[in-house]
Amino acid sequence: MSSVNQQCIQITPAVDSLCSECPSMNFLKVNVEDSPTVAKAENVRIVPTFKIYKDGARVKEMICPTLHVLRYSVRHYAVSSS
């Protein structure tokens, strides 16, 4: 995420909502300005970037997803993790 990127600002409330809707999942927000080392280690070059991990392995990466795609992906992996 980035505090100055318009897409990040617009999608933040939806991400916050997903956090509440899927309490069995862990969500981590990383501000690329505050944590450039993490952004570099995760190869984040465009924000917003979302990554879903399962059992320590990345299973999905989305760059600037629509809200529909983000919600679908989170719910899909929340259900499949049960």
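Computation of the quantities below employed the complete heavy-atom set of this structure, encompassing side-chain atoms and omitting hydrogens, waters and symmetry-equivalent molecules.
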Working to the nearest 0.5 angstrom, can you tell me the gap between [X] [atom1] and [Y] [atom2]?
| X | Y | atom1 | atom2 | answer |
| --- | --- | --- | --- | --- |
| Lys54 | Met25 | NZ | CE | 9.5 Å |
| Met62 | Tyr72 | CE | OH | 11.5 Å |
| Leu18 | Arg75 | CG | CZ | 6.5 Å |

Which one of Glu61, Lys60, His76 satisfies the side-chain contact (heavy atoms from CB on, under 4.5 Å) criterion with Ile52?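 Testing each of Glu61, Lys60, His76 against Ile52, the sole residue satisfying side-chain contact (heavy atoms from CB on, under 4.5 Å) is Lys60.
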Kindly state each residue pair satisfying salt bridge (charged side-chain N to carboxylate O under 4.0 Å, His left out) with at least one member in [range], sequence neighbours excluded.
| range | result |
| --- | --- |
| residues 9-20 | Asp16-Lys29 |
| residues 62-73 | Glu21-Arg71 |
| residues 1-15 | none |

Following the transitive rule for hydrophobic clusters with a side-chain heavy-atom cut-off under 4.5 Å over Ile, Leu, Val, Met, Phe, Trp and Tyr, establish whether [X] and [Y] coincide in one cluster.
| X | Y | answer |
| --- | --- | --- |
| Phe27 | Met1 | yes |
| Val30 | Ile63 | no |
| Leu70 | Val59 | yes |

Determine which pairs satisfy side chain to side chain donor-acceptor pair (under 3.5 Å) with at least one residue from residues 34-46, sequence neighbours left out, and list them in order.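 The answer is Glu42-Lys51, Glu42-Tyr53, Asn43-Arg45.
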Please name the pair of heavy atoms, one in Ile11 and one in Pro65, separated by the smallest distance, quoted to 0.1 Å.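 For Ile11 versus Pro65, the nearest heavy atoms are CD1-O, 4.1 Å.
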Kindly say whether Cys8 contributes a backbone atom to a donor-acceptor pair with the side chain of Thr12 at under 3.5 angstrom?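 Between the backbone of Cys8 and the side chain of Thr12 there is a qualifying donor-acceptor contact (under 3.5 Å).
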Side-chain donor/acceptor of Thr49 to backbone N/O of Ile46, under 3.5 Å: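 Judged by distance alone, yes, a pair lies under 3.5 Å.
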side-chain contact (heavy atoms from CB on, under 4.5 Å) partners for Gln7, two or more places apart: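 For Gln7, the residues satisfying side-chain contact (heavy atoms from CB on, under 4.5 Å) (neighbours in sequence not counted) are Asn5, Pro48, Cys64.
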Answer whether the closest heavy-atom distance between the side chains of Leu67 and Gln10 falls below 4.5 Å.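 Counting from C-beta outward, Leu67 and Gln10 never come under 4.5 Å.
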Check whether any side-chain heavy atom of Phe50 lies under 4.5 Å from a side-chain heavy atom of Val74, and answer yes or no.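 They are not in side-chain contact.
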Connected-component partners of Val4 among ILVMFWY, side-chain separation under 4.5 Å: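 Members other than Val4 - counting any ILVMFWY side chain reachable under 4.5 Å - there are none.
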